[in-house]
Amino acid sequence: MKIIIIGAGEVGYHIAKALSPKNDVIIIEKAEEALKRADELDVLAIEGNGANAELLSKFLQDSDLLVAVTGLDEVNIVACMTAKLVIRSKPGWKDIKTIARVSNPDYIDSPVTSRAQVGVDIMICPELALASEVAEVLSSPSAIDAQVFAEGKVQMMEFAIHPDNRLVGQQIKDLKLDDCCIVSAIFRKNEVVIPHGDDAINANDRMVVVGKPRALEELGRIFGNGEPHRNRILLIGCGIVGFYLAKLIDKDENADLKIIEYRKSRCIEVAEMLENALILNGDGTDVNLLREENIEDMDVVLAVTNSDEKNLLCSLLAKQLGAKKVIARADRPDYVPLFEMIGIDMAVSPRQATVNEVLKLTMGRGIEKLATLEGEKAEIIEYTASRSSKIVGKSLDKVKFPKGALVTMVVHNDDTIIPRGDTVIREGDRVIIFALSSAVPAVEKFFK
């Protein structure tokens, strides 16, 4: 594919890095420093304004995708509109798919939407996507990651196995999950293990389980510790990400939310828009303030300021002072594994949502959703099986599926099915697959 990326910041750079090995990638960027970094990749790096029609027209012919991911919403939207207008003015030029990253709630009210009427095929709000992902995790106190698939019919949760968990030493088959869900993977130190029934559960394992949402809700009580109670949440930082997240939590009748925000004017602004949250004007790195607010009693601490360094410090303080679960925002995706390596329960990057959406469009037909796990070592992919898919019409025991990949769930009409060897995939089925990143290209061939 021929792909144009407008903006070579963290998002644009990581998209280019992921796509350049298999695609013809062009990056347009104004800032010299960012352009120099992008030029290290196998891409064509062009200095200029990506919303400029004259510049764009030089590269749009035969292009398949334009991704506008600068730090300015308006530039991204205008770049997409301009690309569509240029294409329409050129007889014989094929249409182009456009993606714009936006943050302003005036433009978007869901993580991913379409604004085709103004020339944006896909509009992504990374901050809202991150907030939605974290809100899913908060719905299960024992989970450290969560994703939904097949329009809510299937859910993935990742659970941390603490040393005092009663499951330590038991085998996977002892969990008796056959009728509700399946353990897709175990993250153990630096390994990704696709488990079998005889594999034992070790302390500090992180287990990925895929199944029906109601079943996973019950399973959360098995993996977790303690009695059910109101979820006590401390949110540090109420910028765009923090406010999106606060609004989602504020609607939860089972949550008590406190917010620490250092800008007094922002505290007043947020207090007028949230009904149930307690807003505190202060610094999330102030140990005395954290102690005064009984941080040791918190079920979850969320550090989502605009600074990775501050989020790291807040998270480490929260852990040291006794918070049960700590989730930190890391704008740089390569920081995510580092945050988790030093004991933070979950690190999330708003940029990853944009990267995943672009990858979904470039990986071929039939992909409905893509979620990356464990620093992009593994992926969970939702496919819709088409008539031409090689997997259709065969029982799974007759399909030579690649090593490192596993069909975890199948949704046929409204039925959610735990697959067995005799399960037959039909046209139109939603197929949820866990795969090591190395196995993804082989998996794609079954759905072309």
Side-chain angles (χ1 to χ4, degrees), residues 1-29 35 38-46 48 50-51 53 55-70 76-77 79-88 90 92-101 112 114-116 119-124 126 333 351-372 376 379 381-384 386 388-390 433 435 437-448:
M1 292 179 73
K2 183 180 176 183
I3 300 165
I4 301 171
I5 300 173
I6 312 294
E10 285 298 324
V11 179
Y13 177 82
H14 280 87
I15 291 172
K17 187 177 179 181
L19 296 180
S20 57
K22 294 183 180 179
N23 300 279
D24 181 10
V25 176
I26 300 162
I27 289 183
I28 301 176
E29 169 61 59
L35 199 67
D39 204 28
E40 297 171 359
L41 302 172
D42 185 17
V43 302
L44 175 61
I46 305 294
L55 178 60
L56 274 180
S57 62
K58 295 177 181 178
F59 305 102
L60 281 171
Q61 189 172 13
D62 299 324
S63 292
D64 301 284
L65 178 65
L66 181 138
V67 184
V69 287
T70 74
N76 296 336
I77 294 169
C80 292
M81 294 171 64
T82 302
K84 290 283 189 180
L85 290 170
V86 169
I87 291 284
R88 288 167 189 160
K90 303 287 185 180
W93 284 21
K94 69 177 182 182
D95 196 12
I96 189 171
K97 276 275 188 186
T98 56
I99 298 178
R101 165 197 171 191
V112 180
S114 175
R115 294 287 186 269
V120 183
D121 293 308
I122 298 174
M123 190 176 279
I124 304 170
R351 285 152 171 72
Q352 194 60 50
T354 311
V355 176
N356 287 350
E357 198 65 28
V358 174
L359 289 177
K360 189 177 83 175
L361 276 180
T362 60
M363 284 173 62
R365 295 182 302 166
I367 297 182
E368 302 294 335
K369 183 165 182 178
L370 169 72
T372 55
E376 301 182 4
E379 297 174 10
I381 310 169
E382 176 188 340
Y383 286 95
T384 296
S386 66
S388 61
S389 298
K390 295 176 184 176
I433 293 173
S437 295
S438 58
V440 169
V443 170
E444 289 175 30
K445 293 177 183 177
F446 285 91
F447 293 89
K448 287 185 177 179

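Excluded from the calculations below are hydrogen atoms, water molecules and symmetry mates; all remaining heavy atoms, backbone and side chain alike, are included. Source: prediction; values computed, not measured.
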J.: Quick one: pull up CD1 in I6 and CG in L66 and give me the separation to the nearest 0.5 Å.
T.: 4.5 Å
J.: With sequence neighbours left out, what residues match Q61 under side-chain contact (heavy atoms from CB on, under 4.5 Å)?
T.: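 Q61 satisfies side-chain contact (heavy atoms from CB on, under 4.5 Å) with W93 once adjacent residues are dropped.
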J.: Identify the heavy atoms of S437 and P441 that sit nearest to each other, and give their distance.
T.: O-CD, 3.7 Å
J.: Is any side-chain heavy atom of R351 less than 4.5 Å from a side-chain heavy atom of V69?
T.: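 No; the side chains remain at least 4.5 Å from each other.
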J.: Quick one: closest heavy-atom pair of F59 and K2, and the distance?
T.: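 What the structure gives for the nearest pair is O-NZ, 3.0 Å.
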J.: Take L19 and M1, measure what side chain to side chain contact (heavy atoms under 4.5 Å, CB included) needs, and give me the verdict at the end.
T.: CA-CA 9 Å; L19 296 180; M1 292 179 73; over 6 Å; no
J.: Nearest 0.5 Å, what's the CD1-CZ distance between I15 and R101?
T.: 9.0 Å
J.: Which residue is it: L359, I381, L370? I am looking for the one with a side chain to side chain contact (heavy atoms under 4.5 Å, CB included) to V440.
T.: I381
J.: What are the two closest heavy atoms between A79 and L56, and how far apart are they?
T.: O-CD1, 3.8 Å
J.: Please report the interatomic distance CD1(I99) to CD1(I124), rounded to the nearest 0.5 Å.
T.: 5.0 Å
J.: I would like to know whether V86 and T82 meet side chain to side chain contact (heavy atoms under 4.5 Å, CB included); could you show each step before the answer?
T.: CA-CA 6 Å; V86 169; T82 302; 4.2 Å; yes
J.: Roughly how far, to the nearest 0.5 Å, is the NZ atom of K22 from the OG atom of S20?
T.: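 These two atoms lie 11.5 Å from each other.
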J.: Step through the shown structure and confirm whether more than 12 heavy atoms of other residues, nucleotides or ligands are within 6.0 Å of NZ on K94.
T.: yes
J.: Any side-chain heavy-atom pair from I367 and F447 closer than 4.5 angstrom?
T.: no
J.: Hey, what do you get for OG1 (T70) to CD1 (I5), rounding to the nearest 0.5 Å?
T.: 13.0 Å
J.: Show your working on side chain to side chain contact (heavy atoms under 4.5 Å, CB included) between N76 and V120 and close with a plain yes or no.
T.: CA-CA 9 Å; N76 296 336; V120 183; over 6 Å; no
J.: For A38 and Y13, which heavy atoms make the closest approach, and how far apart are they?
T.: CA-CD1, 4.3 Å
J.: Between T98 (side chain) and G119 (backbone), is there a donor-acceptor pair under 3.5 Å?
T.: yes
J.: Might you work through the salt bridge (Lys or Arg N to Asp or Glu O under 4.0 Å) test for D95 and K84, ending with a clear yes or no?
T.: CA-CA 7 Å; D95 196 12; K84 290 283 189 180; 3.4 Å; yes
J.: Kindly give the heavy-atom pair with the smallest separation between A8 and E29, and that separation in Å.
T.: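 Taking every non-hydrogen atom into account, N-OE1, 2.6 Å.
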J.: Between S114 and D121 (side chain of the first, backbone of the second, donor and acceptor by atom type, cut-off under 3.5 Å), is there such a pair?
T.: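 Checking the backbone N and O of D121 against the side chain of S114, a donor-acceptor pair under 3.5 Å is found.
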J.: Inspect the surroundings of NZ in K97 and state if more than 12 heavy atoms from other residues, nucleotides or ligands are less than 6.0 Å away.
T.: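 Atom NZ in K97 is not packed in, count stays at 12 or less.
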J.: Please report the shortest heavy-atom distance between I27 and A16, naming the atom on each side.
T.: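 Reported closest heavy-atom pair: CD1-CB, 3.5 Å.
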J.: Just verifying a value: how many Å separate L60 CG and I96 CD1, rounded to the nearest 0.5 Å?
T.: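 CD1 of I96 is found 5.0 Å from CG of L60.
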